[in-house]
Structure formats: structure tokens, C-alpha cells
> 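First the structure, then my questions, so here it is.
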Protein chains: 2
Amino acid sequence: MATMSDQTSDQTSDDVRDPDLVAVQEGPEAASELTRPAGLDREKILQAAIDFIDEEGLAALTMRRLGSSLGVEAMALYRYVPGREDLLDGVVDRVVETLWDDEDGDDVYIGDHSGWQDYLVRLAHGMRRIALAHPAVFPLVASRPPAAPWVRPPLRSLRLVESFLGTLHDGGFSDQAAVAAYRAYSSFLLGHLLLEVTQIGAQVSLLDQPEGDPQAQRETDLAEYPSLARAEPLLGQDKSAAEFEESLENLLDRLERVLHEAKNSGGDVGDL
Amino acid sequence: MATMSDQTSDQTSDDVRDPDLVAVQEGPEAASELTRPAGLDREKILQAAIDFIDEEGLAALTMRRLGSSLGVEAMALYRYVPGREDLLDGVVDRVVETLWDDEDGDDVYIGDHSGWQDYLVRLAHGMRRIALAHPAVFPLVASRPPAAPWVRPPLRSLRLVESFLGTLHDGGFSDQAAVAAYRAYSSFLLGHLLLEVTQIGAQVSLLDQPEGDPQAQRETDLAEYPSLARAEPLLGQDKSAAEFEESLENLLDRLERVLHEAKNSGGDVGDL
DNA sequence: TTGCTCCCGTTTACGGCGTAAACGGTCGGG
DNA sequence: CCCGACCGTTTACGCCGTAAACGGGAGCAA
């Protein structure tokens with residue numbers, strides 16, 4: 001079962017050293033960064049780890065293999081990364097940071113929004129973009145121990161939580177209501193996105209497992225589960241995007257209701 | 001920070017060998033299960049693994065250590081369990097099975113309910129009981145690849161999904177509406193419970209890490225995050241139970257609304 | 001009783017893992 | 001011209017999962 005190939009690190013022993021002078025001289029050798037990315041640094045290592053996980057899966061990531069994907073021995077990584085655990089933390093940080101990348105023009109630049117509803121929608125879409133771009137990394141975002149107990153994945157940075165609470169506060173939420181909204185929102189995001197990437201992963205892993213005759217097996221399996229059998233075609237359909245929007249809208253409605261009730265009654269309703 | 005302790009396996013090397021001869025006669029076997037549970041079987045191994053994870057954490061579980069917690073060498077386990085991965089799958093199955101244990105008299109016996117709302121409430125409470133009883137195991141329930149792509153954690157068994165869909169069908173849901181409810185419900189459960197056990201785990205791991213002067217550190221950290229600093233006491237409070245009930249009620253309201261709209265209009269509203 | 005056979009835990013062994021420590025080559029600056 | 005700093009390599013260690021061979025006790029047939 002999926003025996004890992006032995007992966008001897010070949011062809012790396014006689015490549016061109018001297019990487020950070022490449023651009024300086026430009027005379028002796030300049031093209032070496034096609035075979036190897038021209039010299040290590042922390043960012044390159046983290047990006048390589050993300051790519052590796054996307055392609056081979058989280059379980060396949062080892063220091064030795066990551067090193068050899070960079071054309072380097074495992075121990076070389078330790079000059080830039082304290083160890084494997086910290087590497088994984090760095091991967092999570094780096095992936096979450098892409099929230100602020102304004103790559104699609106206006107899709108998710110959460111620093112520039114109009115109103116808290118808009119902010120929450122953009123933030124949700126941004127996190128979903130990240131999850132779908134790196135479905136094998138996202139479980140890490142979800143499960144790595146957070147910096148503080150009240151940092152709730154997938155909203156993993158102080159900066160993010162600050163902007164969340166600040167935006168809601170500006171929108172008229174009391175501190176209690178903002179915190180309650182933060183918790184409801186993070187639960188919603190985590191549940192939806194984790195299940196969505198789980199489903200992607202499951203489908204992928206099914207594809208490279210022909211496994212005899214799955215048709216017959218499924219049918220016999222479902223023989224004693226009538227409701228399941230009837231719903232099976234529906235269960236196979238992927239409506240994740242629509243359901244995500246629907247749930248998000250529902251959450252926003254709920255928050256809006258709470259906000260207005262609190263305003264109109266002046267009561268102690270901040271609990272959501 | 002949070003370096004995993006190196007965890008040398010101490011004090012285990014010279015324990016009592018030959019344990020199953022301790023009380024051999026006196027009836028074939030009766031009292032020896034105080035020192036060792038009298039002989040291995042799959043169930044005993046799975047239960048030992050659950051206990052081990054609860055006490056030492058998932059990362060600490062190795063075949064050797066699990067074996068020695070049973071007074072046995074690692075290889076002995078392989079007679080009853082195909083390997084480590086299957087062991088973890090077994091752990092998940094066994095933990096989820098306790099849903100049907102009628103231990104508290106009437107708390108969560110989901111086989112005996114009145115109406116789909118009652119069923120969903122009991123099921124939610126049952127899953128939450130499991131999550132809180134085994135907070136270190138629950139991430140495994142959430143993240144192990146499911147049997148089929150449409151098995152959505154934490155509702156992990158065909159039997160469970162069948163009873164879910166069947167109950168909603170009996171309650172008047174169309175197949176589409178039942179499936180949509182299944183997805184919304186599983187997202188809700190997973191998000192809430194995973195975040196609740198994450199928070200428990202984070203608090204625990206903070207306790208055994210005095211780590212200098214956390215007070216000063218926290219204050220400096222939050223200096224540039226005004227909203228966060230103001231909300232910090234609120235963020236520390238644990239209102240998980242109330243929030244869980246609130247969100248659950250909201251979800252049920254939403255489902256009920258969808259159900260009635262579909263009934264009254266006869267329209268194609270099954271999408272939730 | 002003897003001896004066989006199966007059951008079941010142990011021993012041994014292997015390759016891979018994370019990583020500490022020592023090493024060596026190749027720079028730029030005195 | 002040399003020297004120290006930088007940076008990737010080599011070597012080594014203990015732990016991991018697990019394949020394979022081993023051994024001893026229980027049950028049973030003769």
C-alpha cells in the first residue's frame with residue numbers, strides 16, 4: 001500500500017554552488033536557479049512545504065523529502081527553521097497571510113471594506129479561497145494549537161481577530177455582541193470549510209483506488225439503509241458553494257437581528 | 001515555544017514480567033486483570049488507546065507505548081489490529097459507537113425519540129457529550145478520512161446517517177431537504193465541537209507551561225490591538241454550552257421554516 | 001504419558017524518521 | 001594571503017512502524 005519510493009537524491013551533488021552571487025556576477029553562471037531555487041531562506045522553505053503538501057499530502061511531508069524537493073539535505077533546513085513543528089506553524093501562518101493578497105483585484109481585500117456585513121462576506125470568501133486553493137493544508141490551519149486559547153481557527157492571527165472585532169465595533173456591536181459574533185462566525189467557517197476540503201480529499205483518494213468493483217460493493221452496502229440508498233444520488237452532488245452562501249447569509253441575518261434588537265431595546269441582549 | 005518534551009520512556013523497563021501466571025489457578029483466570037487485563041483482544045486494545053490518548057495526547061500514542069500500557073510488547077498488538085492507521089480508525093468507531101449507550105438513562109438514546117427536532121437535539125447533545133468526554137480524541141473523529149465522501153464528520157457511520165435521513169423523512173422532509181439539513185447540521189456540529197475541544201486543549205497546554213511571565217507578555221502583545229485588548233476578558237469567558245444551544249436552536253428554526261414553506265407552497269424549496 | 005499443533009506474545013531486524021553535533025568548503029574583508 | 005563567518009553535508013543516535021522468525025504453554029490425540 002503506497003510504499004514510499006526511496007527517492008535517492010541524485011544529480012544534486014555537482015550543481016553550481018555559490019547561489020547568492022548569481023545575479024551579481026552574471027558572468028560565470030546565471031541559470032542555476034532553474035535546477036535549484038538559488039539558495040535557501042525561510043520563505044522559500046515554507047513555500048516548498050506548502051507545494052509539497054498540496055501535491056503529496058500532509059502525511060508524506062518529512063524533513064528529508066522536503067529537503068530533497070529543494071535539492072538539499074534535510075539538515076540544511078534547520079538553519080532556517082527550528083524544527084518540524086515550527087515549520088508546520090510557519091506553513092499555517094504563510095497560508096493565512098495570503099488573505100491580504102489583493103490578487104484578484106477586489107475579491108477579498110479585507111482591509112478595504114464598506115460596512116461590517118461586507119467585511120464578513122469578504123473574509124468568508126477569502127478564507128474559502130484559501131481552503132480550496134490548499135485543501136491538504138487547510139486541516140492544518142484548523143487543527144494546529146492556536147497562539148492563545150481564544151484564537152479560534154480558521155481565524156488564526158491576532159491581526160485578523162483585531163480587525164474582526166474592530167469592524168464589528170465600528171458597526172455598532174457591543175463588545176459582548178462582537179465577541180459572540182466572532183465565535184458564531186468562526187464556528188460556521190471552520191465547519192463548512194473543513195467539511196468541504198474533507199470531501200475534496202475523499203474524492204481524490206477514491207480516484208486512485210479503483211478497488212475491485214466499487215459499484216457492486218456500494219449497492220450491497222446500502223441494501224439495509226433504505227433512506228440512505230434513496231438519498232445517495234443527492235448526497236453525491238456538490239452544492240458546497242451555494243450552501244456556503246446560504247449559511248453565511250443566514251448568519252449575517254441573525255447577527256443583524258441581534259444588533260437591531262440591542263439598539264432598539266437597549267437591553268442586555270449581547271449574547272447572540 | 002511549546003516544544004514537545006522528549007519523553008524518554010522511563011520506569012517501564014523493569015516492571016513485573018510474566019503477569020499472566022500471577023493468579024493462574026484459583027479458577028482458570030479471575031484476579032489477574034488487576035495487573036493486566038488478562039489477555040488481549042481488539043476491544044481491550046481500542047479502549048486502551050482511547051484512554052492513552054485522553055491522558056497523554058494523540059501525538060504520544062505509539063505502538064510501543066500503547067503496548068507497554070497494556071503490559072505487552074508492541075508486536076503483540078498486531079495480532080488483533082492490522083496496523084496503526086486501522087487502530088486509529090477503530091478508536092474513532094468505538095468512540096462514536098458510545099452514542100447509543102443509554103448511560104444517562106434518557107439523555108441521548110437517539111434510537112428512541114419523538115419527532116425530528118427531538119432527534120436532532122438528542123443527537124447534538126450526544127455528540128457533544130462524546131467530544132467533551134474525549135477532547136483529545138475528537139479531532140481524530142473530525143479528521144480521519146470517512147468511509148464514503150458524503151459521510152460528513154462527526155456523523156461518521158452509515159447507520160447514523162441512515163437514522164438521520166430516515167427521521168427527517170418521517171418528519172415530512174423531502175429527500176433534498178433532508179440532505180440539505182444533513183449538511184447544514186454536520187457543519188454546525190463539527191465547527192462547534194471542534195472549536196470547543198480545541199479551546200479545552202489549548203487551556204490545558206497553557207497550564208503546564210508557566211513560561212516566564214505570561215501576564216506581561218500578553219499585555220505587550222495586545223498593546224497594538226485595541227479592540228482585542230478591550231474584548232480580552234470577554235474572550236476568556238467560556239460560554240460554549242449556551243452558544244451551542246443557541247446555534248442549535250437557530251438551526252432547528254431554520255429547518256422548520258424551510259419545511260413549512262415547502263409544505264405550504266409546494267414549491268421547489270428543498271435547497272435550504 | 002508422549003508428542004503434535006495451534007495460539008499468542010517476544011525477539012530480532014530493517015528502513016525511515018527528527019534532529020544534535022561535528023565537519024568542510026567557499027566566500028568577503030582584514 | 002589568511003581568517004573567520006556562513007551554510008550545506010556527514011555522521012550518529014534513539015524512536016518509530018512493522019515483517020519475520022522464534023518459543024513456550026495449552027489442548028488434544030494416541
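Throughout, protein chains are lettered first and strands after them, A, B, ... in sequence-line order, and every chain is numbered starting at 1. Side-chain atoms are counted along with the backbone in the values below, which use heavy atoms only and exclude waters and symmetry mates.
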> Rounded to whole angstrom units, what separation is found between the CG atom of A:L70 and the C1' atom of D:dC7?
15 Å

> Just to verify, what does B:R94 make a salt bridge (Lys or Arg N to Asp or Glu O under 4.0 Å) with, not counting sequence neighbours?
B:E43

> When you compare the protein's N or O atoms with those of nucleotides 19-22 of chain C, which come within less than 3.5 Å of each other, and at what distance?
residue	atom	partner	partner atom	Å
C:dT19	OP2	A:Y78	OH	2.8
C:dT19	OP2	A:R84	N	2.8
C:dT19	O5'	A:Y78	OH	3.4

> Tell me, please, which residues at least two apart from B:Y182 pass ring pair (Phe, Tyr, Trp, His ring centres under 6.0 Å).
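Ring pair (Phe, Tyr, Trp, His ring centres under 6.0 Å) check on B:Y182 returns B:F164.
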
> Kindly write out the residues that satisfy side chain to side chain donor-acceptor pair (under 3.5 Å) with B:S187, not counting sequence neighbours, or none if the list is empty.
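B:S187 satisfies side chain to side chain donor-acceptor pair (under 3.5 Å) with B:R152 only.
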
> Name the atoms and distances for all side-chain donor-acceptor pairs under 3.5 Å in residues 52-59 of chain A, with sequence neighbours left out.
residue	atom	partner	partner atom	Å
A:D54	OD1	A:H134	ND1	3.4
A:D54	OD2	A:H134	ND1	2.6

> Among the candidates D:dC16, D:dT9, C:dG9, find the nucleotide nearest to the side-chain atoms of A:E73.
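My answer, after comparing the listed nucleotides, is D:dT9.
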
> Do B:T62 side-chain atoms and B:R65 backbone N/O form a donor-acceptor pair below 3.5 Å?
yes

> Could I get the full list of salt bridge (Lys or Arg N to Asp or Glu O under 4.0 Å) partners for B:R144, not counting sequence neighbours?
B:E85, B:D89

> Based on the rotation axes of five pairs at each end, what angle does the helix from C:dT1-D:dA30 to C:dG30-D:dC1 bend through, to 10°?
30°

> Any side-chain N or O of B:R65 below 4.0 angstrom from OP1/OP2 of D:dC16?
yes

> Suppose we screen for salt bridge (Lys or Arg N to Asp or Glu O under 4.0 Å). Which residues come up paired with A:R128, at least two apart in sequence or across chains?
A:E196

> Does B:F138 have any ring pair (Phe, Tyr, Trp, His ring centres under 6.0 Å) partners at least two apart in sequence or in another chain, and if so, which?
none

